[in-house]
Participant: 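Handing you a structure now.
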Amino acid sequence: MAVFGLLFLGLLLTVINLDGTLTTAEEMRSHLWLVSADIFGTVLGILLAVFIVAAVVTKYEKSLPEPHTVSELTVEEKELLLMHLGNNLEGGNK
Amino acid sequence: MTPLTSNRRWPLLVLPMFGCLLVLMLVLFLFGLGDVSESFKRFTNALLTSFSISAAVLAIAMWSYADSRERPMAPVLAIGLMAMVGGILTFSGLRFAGDLMLEANGTPMAQILYNIVQLLVIISAIAIAGGLVLGTAFSLITARQPEPLFNEEE
């Protein structure tokens with residue numbers, strides 16, 4: 001990862017400092033600046049749309065009613081449950 | 001450990017990208033810029049195009065959400081909010097950047113087509129760069145020798 005980073009940093013510093021046959025270093029810097037503005041606007045626009053949808057979904061999810069809960073098992077129900085489990089699982093009544 | 005998409009870690013996904021972009025812009029600024037008078041127009045065009053297209057895609061997704069969660073007004077609210085924000089962005093862009101026309105594009109339709117093509121190019125470039133980063137990261141992770149779970153008894 002560091003190798004790629006250094007490689008691209010080196011390429012960047014080269015193209016923004018050396019004049020080529022087709023473009024000058026200043027033109028290259030201008031193009032890179034304009035492309036940076038493009039990328040910045042693109043990412044910001046996508047994030048803004050995602051943020052709005054996330055806000056709406058969060059609002060609706062918070063307004064959902066609580067799921068129905070059941071009361072805790074009574075002692076008789078627990079004993080019945082243990083009995084059925086013990087009868088149907090391998091290993092006896094434990 | 002909290003997942004990467006949790007509230008506490010989401011900046012980890014966004015901050016490196018903006019950080020690299022800001023470093024690039026700072027380096028360019030320090031080395032000196034040429035004619036960049038159209039940079040705000042480019043920014044506004046990119047912002048409006050990406051917002052419009054992603055808002056349209058997400059609005060379709062909101063219909064599925066409304067269907068599955070039985071909340072029929074959710075897409076209406078989302079579309080209304082997105083239209084309002086889009087309107088504010090458009091009026092602000094027109095107010096501060098002017099006519100938003102670039103590179104001698106004569107009509108708004110030509111500019112819209114130009115913006116969509118440019119958006120496709122930028123998203124392709126980001127996808128390629130992201131694939132490179134992910135591939136490198138996974139190859140580095142999987143190249144490690146697995147640590148033994150238990151030390152053998154001597």
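Quick note on labels: first sequence line is chain A, next is B, and so on, each numbered from 1.
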Participant: Contact part of B:Leu48 toward chain A, heavy-atom cut-off under 4.5 Å: side chain, backbone, both or neither?
Facilitator: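 Neither part, no heavy atoms under 4.5 Å.
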Participant: With side chains defined as the heavy atoms from C-beta onward, is the minimum distance between A:Leu32 and B:Met25 less than 4.5 Å?
Facilitator: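 No, every pair of side-chain atoms sits at 4.5 Å or beyond.
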Participant: Between B:Met62, B:Arg69, B:Met82, who has the most heavy-atom pairs with chain A when the cutoff is under 4.5 Å?
Facilitator: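 The option with the most such pairs is B:Arg69.
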Participant: Out of B:Ser39, B:Gly86, B:Ala61, B:Pro75, return the one with the most heavy atom pairs under 4.5 angstrom to chain A.
Facilitator: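 It is B:Ser39.
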Participant: Given B:Tyr65 and A:Val53, is the side chain to side chain contact (heavy atoms under 4.5 Å, CB included) satisfied, shown in steps?
Facilitator: CA-CA 11 Å; B:Tyr65 169 79; A:Val53 169; over 6 Å; no
Participant: Please flag which part of A:Phe8 lies under 4.5 Å from any non-hydrogen atom of chain B: side chain, backbone, both or neither.
Facilitator: side chain
Participant: Quick one: of B:Leu89, B:Leu77, B:Ile126, who has the most non-hydrogen atom pairs under 4.5 Å with chain A?
Facilitator: B:Leu77
Participant: Pull out the residues in residues 51-60 of chain B that come under 4.5 Å of chain A, heavy atom to heavy atom, sorted by number.
Facilitator: B:Phe51, B:Ser54, B:Ala55, B:Leu58
Participant: When clusters are formed from ILVMFWY side-chain contacts under 4.5 Å, directly or step by step, what else is grouped with A:Val75?
Facilitator: none
Participant: Please examine the side chains of B:Met73 and A:Tyr60, heavy atoms only from C-beta on, and report whether any two atoms are closer than 4.5 Å.
Facilitator: yes
Participant: In residues 34-42 of chain A, which residues are in contact with chain B at a heavy-atom separation under 4.5 Å?
Facilitator: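 The residues closer than 4.5 Å to chain B, in numerical order, are A:Leu34, A:Val35, A:Ser36, A:Ala37, A:Asp38, A:Ile39, A:Phe40, A:Gly41, A:Thr42.
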Participant: Could you give the distance from CZ (A:Arg29) to CG (B:Leu24), rounded to the nearest 0.5 Å?
Facilitator: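 Answer rounded to 0.5 Å: 12.5 Å.
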Participant: With a 4.5 angstrom heavy-atom cut-off, could you sort out which part of B:Arg42 is near chain A: side chain, backbone, both or neither?
Facilitator: both
Participant: To the closest 0.5 Å, what do you measure between CG (B:Leu81) and NZ (A:Lys59)?
Facilitator: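 The CG atom of B:Leu81 sits 10.0 Å away from the NZ atom of A:Lys59.
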Participant: Can you tell which part of A:Leu9 gets under 4.5 Å to a heavy atom of chain B, answering side chain, backbone, both or neither?
Facilitator: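 Looking at A:Leu9, nothing touches chain B.
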Participant: If two hydrophobic side chains count as joined below 4.5 Å and joins carry through other members, does B:Val121 share a cluster with B:Ile112?
Facilitator: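 Unlinked, B:Val121 and B:Ile112 end up in two clusters.
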Participant: Would you say B:Leu47 ends up clustered with B:Phe40 if hydrophobic residues are merged whenever their side chains have heavy atoms under 4.5 Å apart, either directly or through other cluster members?
Facilitator: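 Yes, B:Phe40 connects to B:Leu47 through the hydrophobic network.
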Participant: Tell me which of these, A:Val50, A:Leu47, A:Leu13, A:Val57, has more heavy-atom pairs under 4.5 Å with chain B than the rest.
Facilitator: A:Val57
Participant: Return the OG to CG distance between B:Ser50 and A:Leu48, rounded to the nearest 0.5 Å.
Facilitator: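 The OG atom of B:Ser50 sits 8.5 Å away from the CG atom of A:Leu48.
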Participant: Do A:Ile52 and B:Met84 share a hydrophobic cluster, counting only Ile, Leu, Val, Met, Phe, Trp and Tyr and linking them when any side-chain heavy atoms are less than 4.5 Å apart?
Facilitator: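 Same hydrophobic cluster.
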Participant: Applying the 4.5 Å side-chain criterion to the ILVMFWY set and letting contacts propagate, would B:Phe43 and B:Ile123 be lumped into a single cluster?
Facilitator: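 Different clusters: B:Phe43 never reaches B:Ile123 through Ile, Leu, Val, Met, Phe, Trp or Tyr contacts under 4.5 Å.
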Participant: For B:Leu119, is it the side chain, the backbone, both or neither that has a heavy atom under 4.5 Å from a heavy atom of chain A?
Facilitator: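 Interface part for B:Leu119: side chain.
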Participant: Between A:Glu61 and chain B, which part of the residue has a heavy atom less than 4.5 Å away: side chain, backbone, both or neither?
Facilitator: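 Looking at A:Glu61, backbone and side chain both touch chain B.
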Participant: Taking heavy atoms only and a threshold strictly under 4.5 Å, list by residue number the residues of residues 14-26 of chain A that touch chain B; give 'none' if the list is empty.
Facilitator: A:Ile16, A:Asn17, A:Glu26
Participant: Can you tell which part of B:Glu70 gets under 4.5 Å to a heavy atom of chain A, answering side chain, backbone, both or neither?
Facilitator: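 No part of it gets close to chain A.
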Participant: Would you say B:Val23 and B:Phe29 are hydrophobically clustered, going by side-chain heavy atoms of ILVMFWY under 4.5 Å?
Facilitator: yes
